[in-house]
Amino acid sequence: YIVNWCPRCGTAVSDLEVAHEERAGKLWYIRYPFENGSGYVTVATTRPETMLGDTAVAVNPSDERYRAAVGRQLVLPLLKRVIPIVADDFVDPTFGTGAVKVTPAHDPNDFAIASRHNLPQLKVLDEEARMTEAAGPYQGLDRYKAREQVLGDLRAAGLLEKEDDYALNVGICSRCKTVVEPILSKQWFMKMQPLAQPAIRAVEEGRIRIVPENYRKIYLDWMYNIHDWCISRQLWWGHRIPVWTCRQCGEVMVSEESPGTCSKCAGGSLHPETDVLDTWFSSALWPFATLGWPEDTDDLRRYYPTDLMIMGFDILFFWGARMIMMGLKFTDDVPFRELYIHALVRDAERQKMSKTKGNVIDPLEVTEQYGTDAVRFALAISAAPGTDIAFSYDKIESYRNFANKIWNASRFIVMNLQKLAPEVRNRVSAATEAASKDGFEPLPTDPTLALADQWMFSRLATITKEMEEAFADYRFHEASYKVYHFFWHEFCDWYLEWIKPEITRTLGPEDSCNAWANLLLVFESSLHLLHPFMPFITEELWHRLPNRGDEVSISITPFALVSEQAANSSAESDFENIRSLVVAVRNAKAEVGLQKEKVSARAASEDAAILSLFNTHRQTILMLAGLEALEVTSGRLEAGIHVTSAFEFQLIYEKQVDHDAERSRLTKEREKLEAAISRVKKQLGNRNFLDRAPEDVVRKTENHRTDLETQFQKVVESLERLG
RNA sequence: GGGCGGUUAGCUCAGUUGGUUAGAGCGUCUGCCUUACAAGCAGAAGGUCAUCCGUUCGAGCCGGAUACCGCCCACCA
């Protein structure tokens, strides 16, 4: 049979191990004269040296041009061998000259043609890709050297009609990149069709789930079109193929131990097979062979099938598919229930990393430079299912910065904790311990801090839940993004800033320690959420928390510490109101170039709840927004900036209000609102929308319109007041 | 030749069943060395979601076509 032969490795390789590469080549047109001397047939070939092994020329039976020639004899140039013209459907009349040389020993198609027409097979290339004795005068030449000589001789004989440039796909050995040679050889094959059937069913019936989904199709496609597998290798390592051949009668015996004598003729001279199995054959046995199979061991019962197998898509066929087939064959069960295909890390140019290309990035160097956690996090957050990861130092650097941020946050917390008087610290850690029984919830604190605590715990509960869902679906990029944003932009930027005055002040014995306890609970919970992505830094920081110094490891503690009961939508919306006021003030200050100035502001609302909210949190707002004073008044403002439809504010500073600038700002805002309102109105005016859209969408849209219109009204009034 | 994926901000990419104003990191610009963090803080600018057609009350998302780009599979000399 024809196999792919790697002349460098000196072994057969399977179809899967052959990579294809487009190379510039030529198509040579060679004349094969008729035996009787009258004329010739021109064949086109990309491999002229193999003509030495030609045993026929084939044409399509329906090809008018050659109909009369079928059955006639040609003289093979150079070697003067007489070969027939045969008709075979395989030949594409539109390609080349419509006539193809048949080299049964060095081309799988030609091999097929030859077997259909009973043509001899003549091996002209040996296992080192040198010309054999059958090649006559060319014996011993390397295949490429032979090509040149053959071409030269043909040209000299006037039989080379022409040559065209042609891009051809050459097969190369995936291990050593040598161009493989299709060669006639005796090898062991595995019949795959019967093995594939159950493997197809297992996936179709959902006994194995492939994630992401698109790989399921790729897997099934490959299984449907499976080819027999050449499993023998002429290598010196590997599992030996357990076969003995009788030297007397040729009987082939498969056995675990040497049979000793021939089972057929009882002869004592047996020849053990020297070929070994393809390494992937052995790998396919791994899931059960490692557990003691074929014995019915405890391990096998306990760990087979396993829940989850993870691999890169590049070995889905090599290993994944074959484990499934072998597993089903030998254990009657799937080897694993889920197969997760992870992303491949490619270089910055999206090239697959390879040693020969020299674009390999050594992970040890990168982790040395940026830290293991940074690399791990960068990869996790880049791992959107079904896509590869382009390696980027910038990206890793930004998550190194994140690790740094975590470190600093911890430093800040622990540092201030150390400053507490020992008895106060003890009360804090006691409060922390007491809270941690069935999921953390905020401990009671004074009203200003309570809002921050309730908001933070609520957010924590949401993030925890979202992360758990993301993990369950192998959406690691989503889980890591959530915790990144949570920790940096909610915990650090808002929560820590909000409670900073509390944790930097000196507590007396009469003070409640609950604010401190809450901070520690949130921080500890955050470390737990971060731990899967940043195991080292979280482990280190966790042990610095009160009562955690002597514990074994954060990795064996629960992932979710916060209680679901902590979800608190009213705290979230109160917090949002304050946040939007703070952001709007900062914004306004920057706009008028007073970023570093301490200015005053006046906030107004017609909503008593808002007014009371702002009054309660006045100190916090002043600190976060960088204000000197905040006046909270009921009603309307003359030149207010509308943050939401519920409230507005204005900055109060020395500089006179520039009426023109103010007018132009308001006019711009009015235009924006007008556009938004007209969009919403159009939508709400659409009968179809009202009839067909879900109720809650319609209601939301209506609320949105009311909101916009209120804002619009206020802007218009402000403009009128400006005159 | 068949199949799959991609095309979203200057760059690298998210965007899970269609639903208010499309997000992040890096870069750029402005102001800050504010006693956790300048590897940082507070702001800003920047997008006709490749193009066209369709489905829908409504499309970055669903369907079809086109154009580039990438990958996998394949026995066209």
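Not measured: the values here are computed from a predicted model. Lettering follows sequence order; numbering is per chain, from 1. Atom set for the values below is all heavy atoms of this structure, side chains included, hydrogens, waters and symmetry mates excluded.
Side-chain proximity of A/Arg475 to B/U16, B/A36, B/C71: nearest is B/U16. Among the nucleotides B/G3, B/G43, B/C26, the one closest to the side chain of A/Gln595 is B/G43. Of the listed nucleotides (B/C32, B/A77, B/C72), B/C72 has the atom at the smallest distance from the side chain of A/Phe317. In the set B/C41, B/U21, B/C37, the nucleotide with an atom closest to the side chain of A/Arg411 is B/C37. Checked against B/A24, B/U12, B/A77, the side chain of A/Ala44 finds its nearest nucleotide in B/A77. For A/Pro694, counting side-chain heavy atoms from C-beta on, the closest listed nucleotide (B/C41, B/C37, B/G19) is B/G19. Checking B/U20, B/C26, B/C73 against every side-chain atom of A/Asp394, the shortest atom distance belongs to B/C26. For A/Lys596, counting side-chain heavy atoms from C-beta on, the closest listed nucleotide (B/C13, B/C32, B/A36) is B/C32. Comparing atom distances between the A/Asp15 side chain and each of B/A74, B/C37, B/A77 picks out B/A74 as nearest. For A/Val697, taking side-chain heavy atoms from C-beta onward, the closest of the listed nucleotides B/G19, B/U16, B/U12 is B/G19.
Side-chain contact of A/Asp394 with A/Ser392: a donor-acceptor pair under 3.5 Å is absent, judged by distance alone. With no hydrogens or angles considered, no side-chain donor-acceptor pair links A/Asn60 and A/Asp92 at under 3.5 Å.
Here, B/G18 and B/A59 have their C1' atoms 6 Å apart, quoted to the whole Å. For B/G27 and B/U66, the C1' atoms lie 34 Å apart once the distance is rounded to whole Å. B/G43 and B/U16 are spaced 32 Å apart, taking the C1' atom of each and rounding to whole Å. Separating the C1' atom of B/U7 from that of B/G15 is a span of 15 Å, rounded to the nearest Å. Across the P atoms, B/G25 and B/C32 are found 23 Å apart, a figure rounded to whole Å. Rounded to whole Å, the P atom of B/A9 lies 10 Å from the corresponding atom of B/G47. Look at the C1' atom in both B/C26 and B/A14: the space between them is 14 Å, to the nearest Å. Rounded to a whole angstrom, the distance from the P atom of B/C4 to that of B/A77 is 24 Å.
Across all strands shown, B/A59 remains unpaired; no Watson-Crick or G-U wobble contact has both distances below 3.5 Å. Shown here, B/A24 forms a base pair with B/U12; the pair counts as Watson-Crick or G-U wobble because both key distances fall under 3.5 Å. Searching all strands for a Watson-Crick or G-U wobble partner of B/G47 with both distances below 3.5 Å returns nothing. Partner assigned to B/G1 is B/C73, using Watson-Crick or G-U wobble distances below 3.5 angstrom. Across the strands present, B/C41 finds its partner in B/G31; the criterion is a Watson-Crick or G-U wobble pair with both atom distances under 3.5 angstrom. In a base pair of the Watson-Crick type (N1 to N3 plus N6-O4 or O6-N4) or a G-U wobble (N1-O2 and O6-N3), with each distance short of 3.5 Å, B/C52 is matched with B/G64.
Using a 4.0 Å heavy-atom cutoff across all strands shown, A/Val91 reaches at least one base atom of the nucleic acid. Note on A/Tyr484: only backbone sugar-phosphate atoms sit closer than 4.0 angstrom, heavy atoms only; bases stay farther off. Note on A/Phe402: nothing from the nucleic acid sits closer than 4.0 angstrom, heavy atoms only. As judged by a 4.0 angstrom heavy-atom cut-off over every strand, A/Glu497 is placed among the base-contacting residues. When heavy atoms are screened at a 4.0 angstrom cut-off, A/Lys217 is found touching the sugar-phosphate backbone but no base atom.
Each of A/Tyr484, A/Phe491, A/Phe486 was scored for a ring pair (Phe, Tyr, Trp, His ring centres under 6.0 Å) with A/Trp488, with one residue passing: A/Tyr484. Considering A/Phe377, A/Tyr481, A/Tyr370 in turn, A/Phe377 is the only one that fulfils the ring pair (Phe, Tyr, Trp, His ring centres under 6.0 Å) rule with A/Tyr399.
The phosphate of B/G15 (OP1 or OP2) has a side-chain N or O of A/His477 nearer than 4.0 angstrom. A close approach under 4.0 Å does occur between a side-chain nitrogen or oxygen of A/Trp488 and OP1 or OP2 of B/C41. Taking side-chain N and O atoms only, A/Lys500 has a distance below 4.0 Å to OP1 or OP2 of B/A36. For A/Tyr166, no side-chain nitrogen or oxygen approaches OP1 or OP2 of B/C76 to under 4.0 Å. Regarding contacts with the backbone of B/G5, every side-chain N or O of A/Asn214 stays at 4.0 angstrom or more from both OP1 and OP2. Residue A/Lys395 places none of its side-chain N or O atoms closer than 4.0 Å to OP1 or OP2 of B/U12. OP1 or OP2 of B/G40 lies within a sub-4.0 Å distance of a side-chain N or O belonging to A/Asn401. OP1 or OP2 of B/G40 has not a single side-chain nitrogen or oxygen of A/Lys405 nearer than 4.0 Å.
In this structure, A/Tyr29 OH and A/Leu154 CG are separated by 15.5 Å, a value rounded to the nearest 0.5 Å.
A heavy-atom distance below 4.5 Å is found between the side chains of A/Asp54 and A/Tyr32. Contact of the A/Lys598 side chain with the A/Leu627 side chain is not registered, since no non-hydrogen atoms from C-beta on lie closer than 4.5 Å.
Relative orientation of the A/Phe111 and A/Tyr1 rings is perpendicular, given thresholds of 30° and 60° on the angle between their planes.
One interatomic measurement links the two molecules: CD1 of A/Ile406 to C1' of B/A39, which rounds to 13 Å at whole-angstrom precision. Going from atom CZ of A/Arg400 over to atom C1' of B/C37 covers 13 Å, rounded to whole Å. Rounded to an integer number of Å, the gap from NZ of A/Lys700 to P of B/G18 is 15 Å. The interatomic distance linking A/Lys482 (NZ) with B/U16 (P) rounds to 11 Å, in whole Å.
A salt bridge is absent between A/Arg475 and A/Asp473: the closest approach of a Lys/Arg side-chain nitrogen to an acidic carboxylate oxygen does not fall below 4.0 angstrom.
Nearest-nucleotide positions on RNA chain B place A/Ala384 closer to the 5' end than the other of A/Ala384 and A/Arg47. Taking for each of A/His489 and A/Thr97 the nucleotide of RNA chain B with the nearest heavy atom, the 5'-most of the two is the partner of A/His489.
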